[in-house]
Structure formats: structure tokens, C-alpha cells
Amino acid sequence: MILGPLDWVIALASILICFIPALFFGKRSGKSTAEFFASGRSVPWWLAGLSMVATTFSSDTPNLVANFVRTQGVAGNWQWWAFTLTGVSTVFFYARLWRRSGVLTDLEFYEVRYSGKAASAVRGFRAVYLGLFFNCIIMASVNLAACKIASVLFGMSRWQTLLAVGLLNVVFAAHSGLWGVLVIDMIQFFIKMTAVIAAAYFAVKLPQVGGMAGLVEKLSHKVGPGGLNYLNVLPDFTSSWDLALAVFIIPLTVQWWAVWYPGAEPGGGSYIAQRMLASKSEKDALGSSLFFNLAHYVLRPWPWIIVGLASIIIYPELSDIQKAFPHVDPSLVGHDIAYPAMLKFLPTGFIGLMVGGLVAANSSTILTHLNWGASYLVHDFYRRFLKPGETEKHYVKAGRWATVLLFVVSSAMVFVLQTAQDNFNIMLQVGAGTGLLYLLRWFWWRITAWCEIVAMVSSFAASIGFLILHKNGIVLGTYKELLLTIGFTTLCWVITALFGPQTDHDKLISFYRLVHPIGPGWTEIRRLAGVDPVEAAAYARQDNIPLAMVGWVTGVSVIWSGLFLVGNFLYGRMDYVAMLTATLAVSGTILVLVIRRLWE
């Protein structure tokens with residue numbers, strides 16, 4: 001694909017508009033680690049929320065959605081839509097607790113909540129495990145998508161793409177800290193949304209597609225593998241039971257609470273927790289996570305889905321993509337490459353906007369993961385275990401060097417990954433079974449650091465076991481392996497909670513007085529702490545679990561009804577639109593009332 005002068009001007013202007021403001025935050029971010037990693041805990045809800053949305057809008061996300069649509073239909077997206085339950089639960093049950101904890105990173109939480117060498121060990125281990133290993137897998141997945149896009153659009157090799165995005169991202173992440181990341185994210189979000197909406201518009205305008213009516217008509221009569229209907233937002237439970245189980249039933253009943261997945265962690269975590277901890281108040285933490293979930297699930301999916309659906313008409317088989325782009329490395333050709341393949345049909349000007357948008361999509365995610373991963377490596381490992389007592393400037397400098405290290409390691413991993421779908425499954429499998437622990441550790445005093453260690457080890461061991469079986473030709477299937485891993489991991493950590501070493505009671509009392517968790521899981525600690533029942537009741541009224549439960553249910557209803565309202569409107573199914581509009585109006589009214597009550 002050749003960019004004209006207008007395309008280059010628009011692409012460069014988009015990039016400059018995003019990145020130049022970040023240059024002015026270098027001096028501020030260099031003052032301390034609190035500024036470099038948490039923006040001085042002074043971020044308003046709208047900026048934190050926009051940053052969360054921009055971070056999850058990475059260059060691999062449209063590719064992943066296109067992969068789902070082409071192989072499993074629109075219903076395949078339930079594999080990530082189900083995480084709505086996780087995200088909204090964070091809003092109403094965990095955002096305030098995180099903000100009250102006052103930690104700089106979510107890993108610092110371990111030595112606030114647990115005691116002894118086990119607490120230190122789990123903090124140090126997860127700093128390296130998540131900050132380096134797991135974080136680099138995520139960044140490698142994002143950069144793999146960038147390599148596929150650059151290969152399709154410009155014929156660039158992997159190392160050329162990595163060098164280009166590396167220079168841009170590492171420089172700004174190391175220079176500007178979290179403040180720069182937040183500002184870049186804010187601007188990038190609007191550029192990216194404009195670009196993907198334009199991509200969807202021009203995709204359906206192609207003569208082969210024939211507009212939205214033509215798209216719906218053609219795909220209504222096109223049957224996919226196993227009788228798949230590409231347009232349905234729910235899977236076929238009669239003829240494709242295995243698919244329905246894998247993409248709908250398991251995600252909705254088990255996956256959302258049992259699996260640790262970045263951006264949708266049960267109880268909040270990683271860069272979502274980082275944004276909440278950087279918020280200037282409990283209300284801002286709650287507001288940012290609510291805004292994130294609304295924008296993440298309602299505003300963004302359909303432009304990606306429409307392009308994925310149109311690609312089925314334009315490129316029915318992978319061989320069609322290979323023929324259209326013979327210069328692309330065959331090892332990069334998968335269903336996820338269909339999204340960048342559709343971008344060849346963009347007119348002059350919009351190609352430049354899309355290139356700027358794709359750079360923005362890559363950078364917003366990579367910048368966050370570089371800053372977040374560096375915060376783990378420096379604050380939770382280097383500062384805590386290797387070099388305590390140094391100056392703030394020393395740790396900021398270490399954070400900048402950690403940023404460079406993370407990008408180098410993640411770039412090396414790009415050469416061993418193949419598709420966005422594979423990477424998605426790897427992350428689900430490795431984090432399987434740990435989610436329930438992360439939900440309950442705020443509400444049950446018996447959960448210990450040893451539970452966390454056992455959960456991580458057992459989950460990882462199960463994943464390695466299945467990998468060995470795969471090498472010997474034994475494949476049970478993704479959802480079966482997921483369920484077995486969840487069952488094994490959960491059993492291991494629950495036994496540890498009931499019969500293993502307990503957290504020191506003084507530490508538990510200190511944690512209770514800091515965070516004030518409510519519910520029967522802390523009855524014993526409240527008794528030991530001599531907490532006045534009137535004081536305990538006051539916090540129970542403030543957090544108001546029954547009202548929060550109503551907020552959770554109506555919040556999920558608002559998101560899903562809004563999501564499917566948009567989809568059915570695009571399909572032209574106006575009878576469903578009327579029903580979903582009524583559901584959205586009722587749920588939204590209740591949600592607003594609940595939020596006002598909780599924020600009193």
C-alpha cells in the first residue's frame with residue numbers, strides 16, 4: 001500500500017498531536033516514583049477512565065476480534081464480553097477498597113494484607129512473573145499485531161517494525177512517566193475511534209459488500225463451519241453445542257470470576273488498579289472504572305466486528321489474503337490478519353488517519369505496559385529487595401532503564417508467537433483458577449500469601465502439564481483444559497487457606513483498620529480488634545453491599561443492552577432495537593440512582 005502526500009501529512013500530524021504534549025511532563029515525572037508511576041495520586045476520573053479504555057484498545061484488539069468473527073461468528077466475542085461481569089464488579093465492590101489501601105502498586109498490597117516471609121516472597125515473585133514474563137507476553141502480542149499490519153500495509157519485516165515502534169514508545173515511556181502516558185492515551189482514544197469507524201464505513205461501502213443491508217443479506221445465507229451463522233450474537237445451542245459451550249457458557253459461568261486476565265482481573269489489578277490508585281479520591285476511582293467499562297464494551301466493539309464480517313465476503317479463505325498480499329510472510333497469515341488486509345480499501349487521507357490511529361493503538365497499550373511493568377520491577381522488586389534506601393531520583397532512573405529492558409525482552413518474544421487468538425488462550429490458561437482468590441481476599445481473612453503462592457504454582461503447573469500432553473498428541477480442548485485447571489487450582493488454594501499457615505493477627509487487624517472490609521468473612525478479626533459495632537455498621541452502610549449488588553446487575557444490564565442495541569440497529573432489526581432501548585432506559589435510571597446513593 002502506498003501512502004500519498006496527504007496520507008503522510010495526516011499520519012504524522014496525528015502522531016505529533018498525541019506525543020508532543022507528553023514532552024512537558026518529563027520534569028514532573030522525574031521528581032519521585034509516586035509521580036513517575038502514579039501521577040502524584042491526583043488523576044481525575046475522566047482522565048483515568050479514558051486511559052484505561054485507550055490501553056485496552058491496542059493494535060492487536062481489532063485483529064483478535066476479526067479472528068473471533070471469522071472463525072466463531074459475532075458470538076465468539078462472548079469470550080471477552082463475559083468479562084463485563086468482572087469489570088462492573090470492580091466498580092461497585094473493589095474500587096473504593098483499592099483507593100483506601102493507599103499502595104503505590106497492586107503488588108505492594110501483599111505486604112499490607114499478608115505477613116511474614118511468604119508475603120515478601122509473593123510480592124517479589126509476582127513483580128518478576130507479572131512485570132517481566134507475563135507483561136512481555138502481552139506486549140509481544142500487541143507488537144506481533146503491529147508487525148502483521150506493517151507487513152500488509154508497507155511490506156516491513158518484523159525487526160523493522162519493532163525498531164520503529166520501539167524508538168517511539170521507549171523514549172516517551174521513559175521520559176514522561178504515567179502523566180505522559182495518560183495525556184497520550186486521552187488524545188489517542190479519539191484518533192483511534194475516528195479511524196476504526198472510518199474503516200467500518202468504507203468496508204461496508206465496497207461494491208462486493210453492498211452496504212449494511214448487503215452485508216446482512218449475504219452473511220445471512222452464508223453458512224460457516226459446523227453450520228455457523230456469522231451474524232448471530234448468541235451461539236447456536238442445537239447444532240454447535242461445543243462452540244456454544246466454549247465461547248458462551250464457560251465464559252459466562254466460570255471464566256469471568258475464575259481467570260486472571262490483564263484489564264479484566266477479578267477484583268481489579270495491573271494497570272486498572274494502577275489508574276484507580278492514581279485517582280485523586282475514592283469517587284474518582286469508582287467513576288473511572290465505571291466509565292472504562294461503558295466505553296470498553298459499548299462504544300468500541302462494533303466497528304471492529306463490521307470490518308471482520310465484511311472480510312468474510314472479501315476474503316472467504318486465508319488463501320485469498322495470501323493471494324492479495326503475496327509479499328507477506330506466510331507465517332504471519334492467520335484469520336487475525338484479515339483486519340489489516342481490509343485497510344487497503346481506505347481512500348486517500350483516511351489511510352493516513354488509520355496509520356496514525358494504528359500507531360496510537362500500539363503506543364497507548366505499550367506505553368502503559370512499559371510503565372506498569374517498570375513499576376513492578378522497580379518498586380516491588382528492585383527497591384524492596386535489592387536496593388532499599390536510595391533516593392527517589394535513583395529509583396526513577398532505574399524505572400527508565402527497566403522500561404528499556406521490558407521492550408527488548410518483549411520484542412524478542414514476538415518472533416515465537418503466531419496469532420492473537422493463540423496469545424489470548426495462553427493468557428487465559430496461565431491465569432486459570434486464581435480469579436476467585438483475588439475476589440475473596442478482600443472479604444475473607446483466612447486467605448493468606450501461601451494461598452497466592454499455591455494458586456500461581458498449581459495454575460502454572462497445570463498449564464505446563466497440558467503443554468506436555470499437546471507435545472504427545474493429546475489435546476483435550478481449550479475449555480476442558482481451562483475447567484480442569486480452574487478446579488485443580490481452586491482446590492489447592494482453598495485447602496491451603498483452611499489448613500495452611502495463617503496470617504499474623506496483628507497484620508490482619510492493621511489491614512482491617514486501613515481498608516475496613518465488610519461482611520462475615522472479617523467477623524473474627526473485628527472481634528480481635530475490639531471494633532465498636534457502631535463503627536462497623538457505619539462502614540457497612542457506606543459500602544452498602546446490597547445496593548452495590550443492584551448497581552452491579554444494572555451496570556451489566558446497561559452495558560449489554562447498549563452493546564446489542566448498537567448491533568441490532570446496524571443489522572436493521574428495529575423490533576429488537578425498541579426492546580433493548582426500553583431495557584437500557586430502565587437499567588440506566590436505576591444505575592444512576594444507585595450511584596448517587598453510594599456517592600453520598
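For this chain, numbers begin at 1 and follow the sequence in order. These values consider heavy atoms only, across backbone and side chains, with no hydrogens, waters or symmetry-generated copies.
The closest donor-acceptor contact from the side chain of Tyr94 to the backbone of Leu439 lies under 3.5 Å. Tyr315 places a side-chain N or O within donor-acceptor distance of the main-chain N or O of Ala341, the cut-off being under 3.5 Å. Tyr230 contributes no side-chain N or O that, together with a main-chain N or O of Ile312, makes up a donor-acceptor pair within less than 3.5 Å. Not a single donor-acceptor pair under 3.5 Å links the side chain of Ser14 to the backbone N or O of Leu353. Without hydrogens or angle criteria, Arg300 side chain to Val53 main chain gives a donor-acceptor distance under 3.5 Å. With hydrogens and angles disregarded, no donor-acceptor distance shorter than 3.5 Å links the side chain of Ser51 to the backbone of Ala48.
In this structure, Leu215 CG and Glu217 CD are separated by 10.5 Å, a value rounded to the nearest 0.5 Å. Atom CG of Leu144 and atom CE of Met139 lie 14.0 Å apart (nearest 0.5 Å). Rounding to the nearest 0.5 Å gives a distance of 4.0 Å between CG of Leu64 and CZ of Phe68. The structure places CD1 of Ile486 at 9.0 Å from OG1 of Thr434, a figure rounded to the nearest 0.5 Å.
Ser557 pairs by the side chain to side chain donor-acceptor pair (under 3.5 Å) definition with Ser587, not counting sequence neighbours. Residues that satisfy the side chain to side chain donor-acceptor pair (under 3.5 Å) test with Thr84, not counting sequence neighbours, are Trp560.
Taking the side chain as every heavy atom from C-beta outward, Leu85 and Leu252 approach each other to under 4.5 Å. Within the 4.5 Å cutoff, no side-chain heavy atoms of Asn63 are placed close to those of Ile337.
Heavy atoms only, all atoms of each residue included: Trp256 and Ala82 are closest at CB-O, 3.5 Å.
Between His296 and the options Trp81, Phe291, Trp80, Phe189, a ring pair (Phe, Tyr, Trp, His ring centres under 6.0 Å) holds for only Trp80.
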Please report the C-alpha distance between Trp78 and Phe564 in whole Å, then the side-chain angles of each, then the deciding distance to 0.1 Å, and finally whether the ring pair (Phe, Tyr, Trp, His ring centres under 6.0 Å) criterion is met. CA-CA 12 Å; Trp78 278 104; Phe564 303 131; 5.6 Å; yes
